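Structure, as structure tokens:
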Amino acid sequence: MKNDALFEYCLRLGDTSLILSQRLGEWCGHGPILEEDIALTNISLDLLGQARSFLTYAGETEGKGRNEDDLAFFRDEREFRNFLLAEQPNGDFGVTLLRQFLICTQQYFLYQELSNSKDSSLSALAARSFKETTYHLRHCSGWVQRLATGTEESRQRMLDALDSLWRYTGDMFDTDELEKGLIKSGIAPDTDLIRKKWDTRVREVFSEASLSIPENVFQITGSRQGRHTEHLGHLLAEMQVVPRSYPGAVW
Amino acid sequence: MKNLTEQEREKKFQERIDRGEIIEPKDWMPERYRSQLIRMMSQHAHSEIVGMLPEGNWITRAPSLKRKAVLLAKVQDEGGHGLYIYSGTETLNISREELVGEFLSGKAKYSSIFNYPTLTWADIGAIGWLVDGAAIVNQTALAKCSYGPYARAMVRICKEENFHHKQGYEILATLMKGTEGQKAMAQDAVNRWWWPSLMMFGPSDKDSPNSAELMRWKVKRFSNDDLRQRFIDRTVPQADNIGIKIPDPMLKFNETTSHYEYGPINWEEFYNVIKGNGICNRERMKARRAAHTDGRWVREAAEAYAKKQTAKGIEA
């Protein structure tokens, strides 16, 4: 039972990084500035590295011989556990950066806490990921400020981005019984604590950027149960097409 | 050198070149040397950037997470090379903005090879092995060119290109050990990329308008045909090693010259692609122009923000 829960938890961690990495990878070669093209790819690479580690560990925990690729390429939509926010389309650069900021702030505090996990593999992976995320957070916070206070147009685009993304932020803190169990046993960090830290940091960055936290926005959740938005299916169809077309092939 | 005539300056410049001296940005140089270098270097930088597109086409579909990571890193390297060469070109007194403007308007060219489509995963292997392999031969020669910033950029870039070359070859080697479908995919990709890779060295020097002048200035150190031959000689045995067939029925090793002889190159195809009739010419330019246009508001915002910060006395 404990292993089942740990497997599920690792999927949640790995899938969010994987799907977000896939989204950022779509930008490669199309960025607004060459330096930023390179930076987005950098973040995408870091996230992919995290995804590979967490999925590999998930496979080991499960004990059925599945490796990172089996888990990435041969699961269907309903089996994915990434945040709904991660799968949202790139939109314009403002949407991408705001999405990144909102998720990497969560990852920053999550990894910080998870590095104290009683599970030594998770704590080691979290400590490494925390270092990478520190850079991502700094980079994204800078851009949120730049875009929100740059020109009238950039500000309007950030307000639009906020309007389209905010409703998926609650999903990142949706805690189910499985996670409560892991929190109790000291494997997963307390979601409420992370939410509080996330909230404080987002308010700080938004206040610098003269943005307000949207109030009374209905929050769409479901990633814990694999209930996704329609976007995930298309993303997976593209990501998984080659391995599924050549079953049993080695790449 | 104040009192020298233009002709005397050029003579002294040529003497420096002949002695094997390296020209640095602050040195006097003929206007034509400067403009030729701007043409070559910027064309090279644009090629790195456009080159991100055909490979970027497979990032979202790479067949394993490891392959995806390697491909992401590789395409990112190409962006870095573009950045590096743009900076090198700026030492010739021209801004990146101007260079990019000339590219987007269609005035400046980029390597024709990137107007071919990447149709299957094996194309990523073929590009790394053949296209980067050809680029390495070209760039190793350029690393000895007379202009310091360009030569140094090439030394650094060649190191990374060697990794790219290996990863491409390794993709194909893995496919050739795989299922019949994978082997066919690898062979098909090489069939499509072999001849365009040979064309990357340009037409024979007798048909290459800039060659004589560039050779005299030691910007170019070897002829197009010599470099092409070097590429073929080193590549054919690699193909044999993994069971790939080079799609040239006339290809054979000449024991006397120790070189491979090869069949005629279809230069009509080459000129056609240069003229804009390649499968992807329009898509590539469209993608680059879209990135530029869609990114305008981001660049404007960053600039406006930086100005506001400067006004506040803060470094943005």
Side-chain angles (χ1 to χ4, degrees), chain A residues 18 21-42 44-45 48-49 51-52 55-56 67-69 71-73 92-94 97 142-143 145-155 157-158 235 238-243 245-251, chain B residues 45 49-69 71-73 75-80 82-83 86 96 100 120-121 171 174-175 177-179 181-182 185 287-288 290-309 316:
Chain A
L18 176 63
S21 165
Q22 176 79 2
R23 280 291 186 222
L24 292 180
E26 293 170 17
W27 270 101
C28 193
H30 305 277
I33 313 168
L34 189 46
E35 285 83 346
E36 203 47 35
D37 202 306
I38 293 171
L40 287 181
T41 308
N42 227 7
S44 176
L45 259 174
L48 184 54
R52 292 179 64 191
L55 291 181
T56 298
N67 62 21
E68 57 179 40
D69 288 330
L71 290 170
F73 296 103
D92 65 15
F93 185 72
L97 251 296
W143 271 106
Q145 200 173 353
R146 231 168 264 141
L147 297 177
T149 62
T151 62
E152 232 170 89
E153 181 184 1
S154 71
R155 180 166 181 79
R157 283 178 185 263
M158 286 309 270
L235 180 150
E238 186 175 348
M239 184 176 90
Q240 299 176 331
V241 63
V242 180
S245 306
Y246 294 81
V250 174
W251 303 94
Chain B
I49 303 306
V50 177
M52 296 170 79
L53 298 171
E55 293 185 280
N57 184 37
W58 280 90
I59 287 175
T60 55
R61 289 176 294 165
S64 77
L65 296 186
K66 185 182 163 203
R67 293 288 183 206
K68 193 191 288 290
L71 183 58
L72 264 171
V75 181
Q76 186 192 34
D77 278 351
E78 313 292 3
L83 200 55
Y86 278 131
R96 199 210 301 182
V100 172
T120 71
W121 169 249
I171 287 175
T174 305
L175 292 174
K177 280 186 265 176
T179 64
Q182 286 177 302
M185 188 198 277
R288 288 312 309 160
H292 190 76
T293 310
D294 297 346
R296 180 169 292 132
W297 71 272
V298 178
R299 295 190 299 275
E300 285 171 357
E303 205 176 311
Y305 176 78
K307 271 188 193 153
K308 286 179 199 169
Q309 293 301 101

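A, B, ... follow the sequence lines: proteins, then strands. Residue 1 opens every chain. Note that the coordinates shown come from a computational prediction; the quantities given were computed from them, not determined experimentally.
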Top contributor to chain B contacts, counting heavy-atom pairs under 4.5 Å, from A:His30, A:Arg157, A:Glu36: A:Arg157
Which atom of A:Leu45 lies closest to which atom of B:Ala69, heavy atoms considered: CD2-O, 3.4 Å
Reported OH-to-CG distance for the pair B:Tyr86 and A:Leu34, which is rounded to 0.5 angstrom: 7.5 Å
Exercise: identify the closest heavy-atom pair between B:Gly181 and A:Tyr246: C-CE2, 4.2 Å
When A:Trp27, A:Phe93, A:Phe73 are compared by non-hydrogen pairs under 4.5 Å with chain B, the top option: A:Phe73
Greatest number of heavy atom pairs closer than 4.5 Å to chain A - which of B:Thr179, B:Val298, B:Leu65, B:Ile59: B:Leu65
Interface moiety of B:Lys68 toward chain A, non-hydrogen atoms closer than 4.5 Å: both
Sequence-distant partners of B:Arg299, side chain to side chain contact (heavy atoms under 4.5 Å, CB included), two or more places apart: A:Ile33, B:His292, B:Arg296
Shortest non-hydrogen contact from B:Leu72 toward A:Gly25: CD2-CA, 4.3 Å
Side-chain H-bond candidate by donor/acceptor type, A:Glu238 with B:Thr60, under 3.5 Å: yes
Heavy-atom pair of closest approach, residues B:Pro63 and A:Pro243: O-CG, 3.3 Å
Which portion of A:Ala249 sits near chain B, non-hydrogen atoms under 4.5 angstrom: both
A:Gly29 backbone acceptor or donor facing B:Arg288 side chain under 3.5 Å: yes
Contact origin within B:Arg61 toward chain A - heavy atom pairs under 4.5 Å: both
Option that, when pairs with chain A are counted at under 4.5 Å, heavy atom only, ranks first among B:Ser64, B:Gly51, B:Ala291, B:Gly80: B:Ser64
Toward chain B, the part of A:Leu40 with a non-hydrogen atom under 4.5 Å: neither
Chain B contact via A:Gln240 - side chain, backbone, both or neither, heavy atoms under 4.5 Å: neither
Between CG on residue B:Leu71 and OG1 on residue A:Thr41, distance to nearest 0.5 Å: 10.5 Å
Portion of A:Leu48 that has a non-hydrogen atom of chain B nearer than 4.5 angstrom: side chain
Spacing of SG belonging to A:Cys28 relative to CD belonging to B:Gln76, to within rounding of 0.5 Å: 7.5 Å
Residue part contacting chain A, namely of B:Leu175, when any heavy atom lies under 4.5 Å: side chain
Neighbour count >12 (heavy atoms, 6.0 Å) for atom NZ, B:Lys308: yes
Choice from A:Arg155, A:Arg52, A:Glu152 maximising heavy atom contacts with chain B below 4.5 Å: A:Arg52
Under 4.5 Å from a heavy atom of chain A, the part of B:Ala290 involved: neither
Options A:Val250, A:Asp69, A:Val242, ranked by heavy-atom pairs under 4.5 Å with chain B, top entry: A:Asp69
Contact leader toward chain B among A:Glu35, A:Glu68, A:Glu26, where contacts are heavy-atom pairs under 4.5 Å: A:Glu35
Contacting region of A:Trp143 [heavy-atom separation from chain B under 4.5 Å]: side chain
4.5 Å side-chain heavy-atom contact, B:Lys66 and A:Trp251: no
Winner by heavy-atom pair count (cut-off under 4.5 Å) against chain A, out of B:Leu83, B:Asp77, B:Ile49: B:Leu83
Contact leader toward chain A among B:Leu53, B:Ile171, B:Val50, B:Thr293, where contacts are heavy-atom pairs under 4.5 Å: B:Leu53
Interface moiety of A:Leu18 toward chain B, non-hydrogen atoms closer than 4.5 Å: side chain
Residues in side chain to side chain donor-acceptor pair (under 3.5 Å) contact with B:Glu303, at least two apart in sequence or another chain: none
